[in-house]
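These notes concern the structure reproduced below.
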Protein chains: 2
Amino acid sequence: MKQVVELLRTHAIQPSAQRVAVANYVLVTKEHPTAEQVFHAVTATFPTLSRATVYNTLHLFVKKGLLKQFALTEGVSVFDPHVEPHHHFVDDETGAIVDIPWDRIRVEGADDLPGIDVRDFQVVIRGKRHRRRTTNKAT
Amino acid sequence: MKQVVELLRTHAIQPSAQRVAVANYVLVTKEHPTAEQVFHAVTATFPTLSRATVYNTLHLFVKKGLLKQFALTEGVSVFDPHVEPHHHFVDDETGAIVDIPWDRIRVEGADDLPGIDVRDFQVVIRGKRHRRRTTNKAT
DNA sequence: AGCGACATTTGGAATAAGTCCAAAGTTGGA
DNA sequence: TCCAACTTTGGACTTATTCCAAATGTCGCT
Ligand SMILES: [Mn+2]
Ligand SMILES: [Mn+2]
Ligand SMILES: [Zn+2]
Ligand SMILES: [Zn+2]
């Protein structure tokens, strides 16, 4: 897609073929992929891509503000193209990470702690999804 | 300390010398040590302790409810003897993790999300500490 | 077009955190 | 005392990530 090239340019990122390929997956996904998941997804269409480039690119995107990186599960980082404030639900059973809109949860007092310069906060919720609803269309 | 032996017994944990040594550090600390930090702290007084035993013991304590384990920083898990609900502040500059009492922050709506069985949640705050306030001493 | 400076990519080696394993040591109760 | 179960251990292994130095690509300039 052409928009991605523009997006990279406006963020002062040279749109190499590799970066565009990574961007077209990781800046669009609704999931919260690990570096390895990005690697697998993108090598499907760009088989020569190397793991080192995936890491380079993800870190560059984080530095340029196109992605957030965080650790919710032990052992791996995940990347999130949804960079505006929001909360997260982590499914204990599957490990899936789901966005919770910012204004669905009211938080008071988190940015007014003595001795602390708060840069950012979020609620992290753990649990499991309810039993899947019987065959009917969602939303 | 003798209390630790009792505590382990009441949690159905055989109080071996190694487990007692680990417990006397990790169940008492106000910090949020990594397994490696536990290993270093405890080998100071119990030099023959092995890394494998540290991991075994930490995981056992987690399973028995004496510790919580979580990932706030990429790359490592930390262990927390403060098992009641509370929030965490992570200092961006030092990586230090600080407890925030549960009732210092009001959170509404986190346990009432459609399709989700919430087991547990917490607010994770990131930022930096204010410049050190040296109340009396000049530096 | 050709050239050089610089940026980018690459495969593989190196690290770091954690897990696995099979042998050795320890223990509590018959 | 003896033994079966439990516990510990060093080291090999795995996994996620970083590092590295060589190869490749890009861009402006002539
Ligand atoms: Mn308890
Ligand atoms: Mn790791
Ligand atoms: Zn998200
Ligand atoms: Zn804590």
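Chain identifiers are assigned alphabetically (A, B, ...) following the order of the sequence lines, protein sequences preceding nucleic acid strands; residue numbering begins at 1 within each chain.
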Between side-chain atoms of residues 108-119 of chain A and protein atoms elsewhere (two or more places apart, or another chain), which donor-acceptor pairs fall under 3.5 Å?
from, atom 1, to, atom 2, distance (Å)
A:R119, NE, B:D92, OD2, 2.9
A:R119, NH2, B:D92, OD1, 3.1
A:R119, NH2, B:D92, OD2, 3.1

- Message: Can you build the contact string for nucleotides 23-30 of chain C? Use B for base contact, S for sugar-phosphate-only contact, and - for no protein heavy atom under 4.0 Å.
- Response: --------

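- B:L67 has its side chain within reach of B:V26: a pair of non-hydrogen atoms, C-beta onward, lies under 4.5 Å apart.
- Side-chain heavy atoms closer than 4.5 Å link hydrophobic residues (I, L, V, M, F, W, Y) into clusters, and following such links, even through other members, never connects A:F89 to A:V78.
- At the heavy-atom level, A:S77 lies under 4.0 Å from the strands shown only through sugar-phosphate atoms.
- The stretch residues 28-63 of chain B participates, sequence neighbours left out, in these ring-ring contact (aromatic ring centres under 6.0 Å, His included) pairs: B:H32-B:H88.
- As judged by a 4.0 angstrom heavy-atom cut-off over every strand, B:R51 is placed among residues making no nucleic acid contact.
- Annotation for B:Q69: atom CD counts as buried by contact number, over 12 foreign heavy atoms lying within 6.0 Å.
- Rounded to whole angstrom, the span from the CG atom of B:L58 across to the C1' atom of C:dG18 amounts to 12 Å.
- A close approach under 4.0 Å does not occur between any side-chain nitrogen or oxygen of B:T53 and OP1 or OP2 of D:dT8.
- Between the CD1 atom of B:I13 and the P atom of D:dT7 there is a distance of 10 Å, rounded to whole Å.
- Between B:H59 and the phosphate of C:dT19, there is a side-chain N or O to OP1/OP2 separation shorter than 4.0 Å.
- More than 12 heavy-atom neighbours from other residues, nucleotides or ligands sit within 6.0 angstrom of CZ on B:R126.
- An angle of 10°, rounded to 10°, separates the two end axes of the helix from C:dA1-D:dT30 to C:dA30-D:dT1, each defined over five pairs.
- Screening residues 97-129 of chain A for ring-ring contact (aromatic ring centres under 6.0 Å, His included), with sequence neighbours left out, gives A:H87-A:W102, A:W102-A:F121.
- Relative to the side chain of A:A52, the nucleotides D:dC19, D:dT18, C:dT9 differ in distance, and D:dC19 lies closest.
- Contact annotation: B:Y55 does not reach the phosphate of C:dT19 (side-chain N/O to OP1 or OP2, under 4.0 Å).
- Taking the side-chain contact (heavy atoms from CB on, under 4.5 Å) definition, one finds that A:E93 meets it with A:D91, A:K128, sequence neighbours left out.
- Atom-to-atom, CZ of B:F39 to C1' of D:dT8 comes out at 13 Å; the value is rounded to the nearest Å.
- A donor-acceptor pair under 3.5 Å is absent between the side-chain atoms of B:H86 and the main chain of B:D99, judged by distance alone.
- When heavy atoms are screened at a 4.0 angstrom cut-off, A:S16 is found touching the sugar-phosphate backbone but no base atom.
- B:L8 places its CG atom 11 Å from the P atom of D:dT7, with the value rounded to the nearest Å.
- Atom CZ of A:R19 and atom C1' of C:dT9 are 9 Å apart (whole Å).
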